[in-house]
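On a predicted model such as this, the values are computed, not experimentally measured, just so you know.
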Amino acid sequence: MTASFSLSPEAAEPRLQVARRTLERLRSVPALAPRYASHVNIHTLDRLATVPPLAKEDLNTALAHLEPAAEQAATWLFQSGGSTGAPQVGYAPTGFYMAGVHAHWQPLDRTDVFVNVWGAGRMWGAHFLAAALADLAGCRIIALGSVAPQEYGDWLAFLAARRVTAIGGTPSVLRLWFAHARAAGLRLPALRKVLWLGEAWQPQLAEDLAVVAPDARRWGMFGSTETWVVATNTPDCPADTFHPLPDQLVHADDDGLLDFTTLNPEMLNPVLRYRTGDAGELTACPCGRPGSAMRVLGRRDSVVQVRGLGLDVDELIARAERAPGVARAQVVLTERRGRATAVEVLLLTGGQGAAPDAERLRTELFAATFTLSTAFQHDPESFRVRPVEELVSNGRTGKTAGLVLREGA
């Protein structure tokens with residue numbers, strides 16, 4: 001069983017006192033105490049593997065009860081989960097644990113001019129996390145954040161003039177930058193490093209980079225606002241393979257789902273076998289670095305990426321199906337070359353009573369769903385709600401899925 005952990009028993013078990021303390025914190029939460037009642041002695045990895053995995057809703061319940069606070073400096077509260085207008089809360093101290101990341105992963109150095117294009121504000125974490133990394137590297141930083149579509153040309157010219165050497169953001173946001181640059185014939189010849197976090201690397205992004213910035217190489221981070229940065233990779237690693245940090249214990253279960261346990265005594269979120277919804281496996285990385293690496297195979301929950309943010313499809317459907325006149329709802333996500341271009345909610349009427357008010361429901365869903373209002377803030381017309389006589393089904397199997405993915409023209 002211990003072979004399914006990223007660390008050997010010899011490396012991990014002397015540090016399991018952090019996991020035992022996390023367990024005690026979870027046992028202090030009345031709503032969670034019964035599930036952990038028989039788990040009191042996790043001195044070995046085999047015993048840790050018997051502890052029930054922690055789901056997102058469990059962690060939210062724990063945090064609402066514990067309300068953790070940093071011992072020094074401020075406690076930052078971040079939007080966690082990505083889907084609703086009432087954000088789930090994640091906690092981090094000033095610095096966002098990036099000193100531990102920087103000790104083992106240093107894509108930036110003092111000679112770099114780094115552009116931070118992760119969105120700032122609105123309880124997002126990645127922008128500030130990347131800024132903390134840049135601070136540790138001692139480089140120059142341009143904290144640009146999000147820009148409007150009509151601004152790309154001017155900003156790209158500015159970045160070229162400043163001889164920017166590094167840029168960071170979610171792949172879908174970076175894709176916009178480099179697609180605009182390629183279409184406009186702009187080049188960033190000084191760019192050498194592309195940092196990313198928040199979703200899987202996109203092959204289309206690599207194609208644009210080869211034209212716009214042929215000397216640029218990717219540097220990836222894996223994590224969430226529940227776990228913070230768990231693992232990193234370098235240009236020598238495959239884009240889907242990451243090396244866990246020493247204070248992160250990764251476990252792959254028999255179903256191929258990954259869970260994460262913190263060994264960092266300063267971690268505010270009680271991360272104990274926490275499942276992010278990602279499937280994966282522990283493997284050897286082709287880069288040749290010793291130790292277990294983590295290969296991420298994709299998501300296995302109802303959360304899908306929409307322009308770098310997580311959209312909980314099941315939750316969106318549940319909201320729609322509570323509306324009068326709706327018998328069933330279905331989400332259709334249209335993508336073009338790996339990027340979400342539109343989201344449509346189809347409403348199947350029940351055949352009785354008044355037809356659903358699609359426009360009113362659209363307004364309610366857009367206002368109440370954090371991902372939609374943020375991802376489509378510049379093109380709100382790309383989110384639609386439409387009554388239909390039948391939902392999209394699989395002609396071969398007859399099944400009607402809650403989520404349908406379409407490739408746009």
Student: Do Trp155 and Phe158 have their ring centres less than 6.0 Å from each other?
Tutor: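 Distance test on ring centres: under 6.0 Å, yes.
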Student: Is there a side-chain contact between Leu66 and Pro270 (heavy atoms, below 4.5 Å)?
Tutor: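 Contact flag for Leu66/Pro270 side chains = yes.
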Student: For Asp215, is there an ion pair with Arg192 - N to carboxylate O distance below 4.0 angstrom?
Tutor: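 Salt bridge between Arg192 and Asp215, a charged N being under 4.0 Å from a carboxylate O: no.
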Student: Sequence neighbours left out, what pairs pass salt bridge (Lys or Arg N to Asp or Glu O under 4.0 Å) with at least one residue falling in residues 356-366?
Tutor: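 Salt bridge (Lys or Arg N to Asp or Glu O under 4.0 Å) check on residues 356-366 returns Arg360-Glu364.
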Student: Step through the shown structure and confirm whether more than 12 heavy atoms of other residues, nucleotides or ligands are within 6.0 Å of CD on Gln150.
Tutor: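 Counting neighbours around CD of Gln150, more than 12 heavy atoms of other residues, nucleotides or ligands fall under 6.0 Å, so yes.
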Student: Could you go through the salt bridge (Lys or Arg N to Asp or Glu O under 4.0 Å) check for Glu24 and Arg21 one step at a time?
Tutor: CA-CA 5 Å; Glu24 289 308 308; Arg21 190 191 72 170; over 6 Å; no
Student: How are the rings of Trp76 and Phe78 set to each other: parallel, tilted or perpendicular (split at 30° and 60°)?
Tutor: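 Parallel, since the angle between the ring planes stays under 30°.
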Student: Does any part of the side chain of Leu372, heavy atoms only, come nearer than 4.5 Å to the side chain of Leu316, both counted from C-beta?
Tutor: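 Touching, per the 4.5 Å side-chain cut-off.
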Student: Using only heavy-atom distances, determine whether the side chains of Asp278 and Thr276 contain a donor-acceptor pair under 3.5 Å.
Tutor: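 The answer is yes; a qualifying pair exists.
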Student: Within the structure provided, determine whether Leu23 and Leu272 are in side-chain contact (heavy-atom separation under 4.5 Å).
Tutor: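 When only atoms from C-beta onward are counted, Leu272 and Leu23 do touch, with a gap below 4.5 Å.
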Student: Phe260 and ring pair (Phe, Tyr, Trp, His ring centres under 6.0 Å): which partner among Phe222, Tyr274, Trp228?
Tutor: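 Filter result, single survivor: Phe222.
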Student: Go through the steps for Thr283 and Glu281 under the test side chain to side chain donor-acceptor pair (under 3.5 Å), then give the verdict.
Tutor: CA-CA 6 Å; Thr283 185; Glu281 61 184 4; 5.0 Å; no
Student: Hey, does Thr170 have a side-chain heavy atom less than 4.5 Å from the side chain of Trp196?
Tutor: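 No. Closest side-chain heavy atoms not under 4.5 Å.
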Student: Looking only at side-chain N and O atoms, does Thr61 offer a donor or acceptor that is under 3.5 Å from a partner on Asp58?
Tutor: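 Their side chains do not contain a donor-acceptor pair, so the 3.5 Å distance test is not met.
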Student: Quick one, Asp46 with Thr44, criterion side chain to side chain donor-acceptor pair (under 3.5 Å). Give me CA distance, side-chain angles, the key distance, then yes/no.
Tutor: CA-CA 5 Å; Asp46 285 346; Thr44 67; 5.5 Å; no
Student: Using a 4.5 Å cut-off on heavy atoms from C-beta on, say whether the side chain of Val101 contacts that of Leu136.
Tutor: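 SC-SC contact between Leu136 and Val101 ruled out.
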Student: Judged by modelled atom types alone, do Thr262 and Asn264 share a side-chain donor-acceptor pair under 3.5 Å?
Tutor: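 No.
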Student: If the threshold is 4.0 Å, N to carboxylate O, is there a salt bridge linking Arg406 and Glu335?
Tutor: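 No, this pair does not count.
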Student: Is a salt bridge present between Arg140 and Asp112, judged by a nitrogen-to-oxygen distance below 4.0 Å?
Tutor: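 Salt bridge absent between Arg140 and Asp112.
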Student: Before accepting this row, confirm whether a basic side-chain N of the pair Arg15/Asp247 lies closer than 4.0 Å to the acidic partner's carboxylate O.
Tutor: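 So Arg15 does not pair with Asp247 through a salt bridge.
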Student: Hey, are the side chains of Asn116 and Trp118 touching, using non-hydrogen atoms and a 4.5 Å cut-off?
Tutor: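 Result yes, sub-4.5 Å side-chain heavy-atom pair found.
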Student: Would you indicate whether the side-chain heavy atoms of Val164 and Leu188 approach each other to under 4.5 Å?
Tutor: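 Contact flag for Leu188/Val164 side chains = no.
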Student: Sub-3.5 Å donor-acceptor pair from the side chain of Thr227 to the main-chain atoms of Val230, do we have one?
Tutor: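 No: the side chain of Thr227 does not pair with the backbone of Val230.
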